[in-house]
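Here the structure is laid out as structure tokens; the discussion comes afterwards.
Counting starts at 1 for both ligands and their atoms, following the listed order.
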Amino acid sequence: MLHTSQIQISKSALNNNIEQIKKRINNGARYSMVIKANAYGHGIETILPLIEECGVDHYSVFSVAEAIRAHKVKKEKCDIMIMGFIDDDYLEWVIEHDISFFVFTLDRLRKVAEVAHKINKPAKIHIELETGLHRTGFTEDQLDEVVKFIKKHPKDFEIEGICSHLAGAESIVNYTRIVDQIETFKQRCNWFKDKGIEPKYRHLACSAGVLNYPDSIFDMVRVGISNYGFWPSKESKMMHLKDKEFSKDPLKRVLSWSSQVLSINTVPEGKYVSYGQSYLTNRKSRIATVPVGYGYGFSRTLSNNGHVLVDGKRVPVVGNVNMNMVVIDVTDAPKVKIGDEVVLIGEQNSTTISVSSFSDMNNSMNYELLTRLPSHIPRHVVD
Ligand SMILES: *Cc1c(COP(=O)(O)O)cnc(C)c1O
């Protein structure tokens, strides 16, 4: 084996998740799968052909770099939408390749018109509205100017969408903020309609929107984390399971990550393990190493904190996570030997390490730990 660890991508889990999420959308809204941040660590090139097989034909990315990767592997008929960063130098490429994108500043709107005019092709844009996240998006006082500018350049724009993003729909504390956002979004869309701008897609919902706020589902949804089998938060899972119609956990984890035992030593009682003094043996211990460290996506925050599976048992990470190695205590797993499989995320003999218990911290860590999985670790598709 060339690499020190492998990532497995489960096709059936992915299929299941998409099917389950689609069941929550009953108005025929277009399904855009968010594949930013290397498809939440799953690998754009690995995931894309699989989701195409599931009938998903719209992909949301954050940057041109991701759009280029998706464009290389996607089928002709599938669409790409950029939600974030585009350098002016790449606008031409984006418009030329029929890639749609969010516009959230007047400067960008002007620049787009200029490029579209130059290549004589309308740009497919989604007007992003500020509705309460206070991050990106046109504020209410800018909208007159937006409309005026668009109407002045009818040949340069195809207004494909109006959109906004929810400010933490996965968390109960944001409830009123989210409800207000949905209302504001509706009103603004109607305002545009009155001005004669009525695009094909109005879109607001992310995973937590689809799962917990059906009113946030308009003509398109942008679903990320739940496709990969993770709940946006524990609360969003709980809120969802309280719904009688969907009382079973519908999501299955797509990704698992494994390595193997590199070495095993016996360490006497009263010795510090790994760098520094963060872990002292309180008994004669069997200490093993696994060749994945923070340089391989195994976060340093898991020092003395994370767990892995080996010989079907959950064993603790001891001492600090190193750049290339993590140290585990296998004293209570006496059968473990060099070369045995170590599961970092996933299942072994029906014991599971989920990404969130892998960190034993709050669930929002899921997003971070997943997206930090280095792209150089090979991804294998399994059934
Ligand atoms: C990341 C992102 C999403 C998807 O969010 P999930 O919580 O992963 O479903 C949707 N819309 C925008 C603008 C995003 O940046």
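Heavy atoms of V34 found under 4.0 angstrom from ligand 1 belong exclusively to the side chain. With a heavy-atom cut-off of 4.0 Å, Y367 touches ligand 1 through its side chain alone.
When each of V308, V317, I353 is paired with L344, the side-chain contact (heavy atoms from CB on, under 4.5 Å) condition holds for V308 and for no other. Each of K75, K11, K74 was scored for a salt bridge (Lys or Arg N to Asp or Glu O under 4.0 Å) with E52, with one residue passing: K75.
With no hydrogens or angles considered, a side-chain donor-acceptor pair links S278 and N304 at under 3.5 Å. No hydrogens or angles considered: a donor-acceptor pair under 3.5 Å links the side chains of S60 and S32.
With ligand atoms numbered from 1 in the order given, ligand 1 contributes 4 (C), 5 (O), 9 (O), 10 (C) to contacts under 4.0 Å with heavy atoms of C206.
Among all protein heavy atoms, the one lying closest to atom 9 (O) of ligand 1 is S207 OG, 2.5 Å. The closest protein non-hydrogen atom to atom 4 (C) of ligand 1 is Y40 OH, 3.5 Å. Closest to atom 12 (C) of ligand 1 among all protein heavy atoms lies H165 CE1, 3.4 Å. For atom 14 (C) of ligand 1, the nearest non-hydrogen atom of the protein is K36 NZ, 3.0 Å. Ranking protein heavy atoms by distance to atom 11 (N) of ligand 1, first place goes to R222 NE, 2.8 Å.
Among M81, M33, E128, M83, the residue whose heavy atom sits closest to atom 13 (C) of ligand 1 is M83.
Taking the six-membered ring where the residue is Trp, Y296 and H376 present perpendicular rings, their angle passing 60° and hence far from 30°. Ring planes of F185 and F218: perpendicular class, angle over 60° (limits at 30 and 60°).
In this structure, the ring of Y40 has its center no less than 6.0 angstrom from the ring center of F230.
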